[in-house]
Amino acid sequence: MRDLVEAAKSARARAHAPYSRFFVGAAMRDELGRVHAGGNIENAAYPQGWCAEPSAISHLVMAGGTRITEVVVMGNGDTLCTPCGGCRQKIREFAAGDVKIHCCTEHGDLIRTFTLDELLPHSFGPENLK
Ligand code: THU
């Protein structure tokens, strides 16, 4: 998990969040063990900004990854920063319900670990469309 934490910290340092000043870093492991990270990127037209998690997912998919196997998220300070509702669904597209989502302080200390199923129970996913 240490590699994910370090990647999330680096991504958080590059987040573009001049409006909320709430800097988020996310890092995700793919099925090959590779780590992909991203930060939130806000926009002067506020609704056009996006979260850290889709930044990381975008890197994972564009690197050829197809599955998310572990996630680290960190926000400001030591407040618990879980993925928002929309991000939970975006993670769901590529992750099984037992995938661990580690929520850390901005310094990388673990606050709490959830499974995706805990954060998004009874979810709708790709299987529903088969
Ligand atoms: N944010 C994320 O990047 N991920 C989340 O799951 C929660 C919220 C960002 C969006 C916005 O740039 C800032 O945090 C404040 O909401």
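All ligand and atom numbering here is 1-based and tracks the order in the structure. Note that the structure is predicted; figures quoted are calculated from it, not measured. Note: hydrogens, waters and symmetry copies are ignored here, and every other heavy atom, side chains too, is used.
- By heavy-atom distance, the residue among Gly86, Cys84, Gly49, Cys87 lying nearest atom 6 (O) of ligand 1 is Cys84.
- Using modelled atom types, one side-chain atom of His59 and one backbone atom of Ala37 make a donor-acceptor pair closer than 3.5 Å.
- At a 4.0 Å heavy-atom cut-off, ligand 1 does not touch Val73 at all.
- Of all atoms in ligand 1, numbered sequentially from 1 with element shown, those under 4.0 Å from a heavy atom of Thr82 are 6 (O).
- Distances from atom 16 (O) of ligand 1 to the protein include no heavy-atom value under 4.0 Å.
- Regarding atom 9 (C) of ligand 1, its nearest protein heavy-atom neighbour is Asn40 ND2, 3.6 Å.
- Evaluation of the ring pair (Phe, Tyr, Trp, His ring centres under 6.0 Å) rule for Phe22 yields no partner, not counting sequence neighbours.
- With respect to atom 4 (N) of ligand 1, the closest heavy atom belonging to the protein is Glu53 OE1, 2.9 Å.
- Leu119 and Leu80 fall within the same hydrophobic cluster, defined by Ile, Leu, Val, Met, Phe, Trp and Tyr side-chain heavy atoms under 4.5 Å apart, directly or through other members.
- Close approach of ligand 1 to Ser20 is summarised as follows: ligand atoms under 4.0 Å from at least one heavy atom of the residue are 13 (C), 15 (C).
- Looking only at protein heavy atoms, the nearest one to atom 8 (C) of ligand 1 is Cys51 SG, 3.9 Å.
- Distances below 4.0 Å separate heavy atoms of Ala52 from the following atoms of ligand 1: 2 (C), 3 (O).
- Using a 4.0 Å cut-off to heavy atoms of Pro83, the atoms of ligand 1 that qualify are 6 (O).
- A distance-only check finds a donor-acceptor pair linking the side chain of Glu31 to the backbone of Thr66 [under 3.5 Å].
- Counting non-hydrogen atoms of other residues, nucleotides and ligands closer than 6.0 Å to NZ of Lys100 gives a total of 12 or fewer.
- Between the side chain of Asn40 and the backbone N or O of Val24, at least one donor-acceptor pair lies under 3.5 Å.
- By the 6.0 Å contact criterion, CZ on Phe124 is enclosed, its count of non-hydrogen atoms from other residues, nucleotides or ligands being greater than 12.
- Each of the atoms 11 (C), 12 (O), 13 (C) of ligand 1 lies under 4.0 Å from some heavy atom of Glu42.
- Hydrophobic cluster of Ile41: the remaining members, joined at side-chain heavy-atom separations below 4.5 Å, are Trp50, listed by chain and number.
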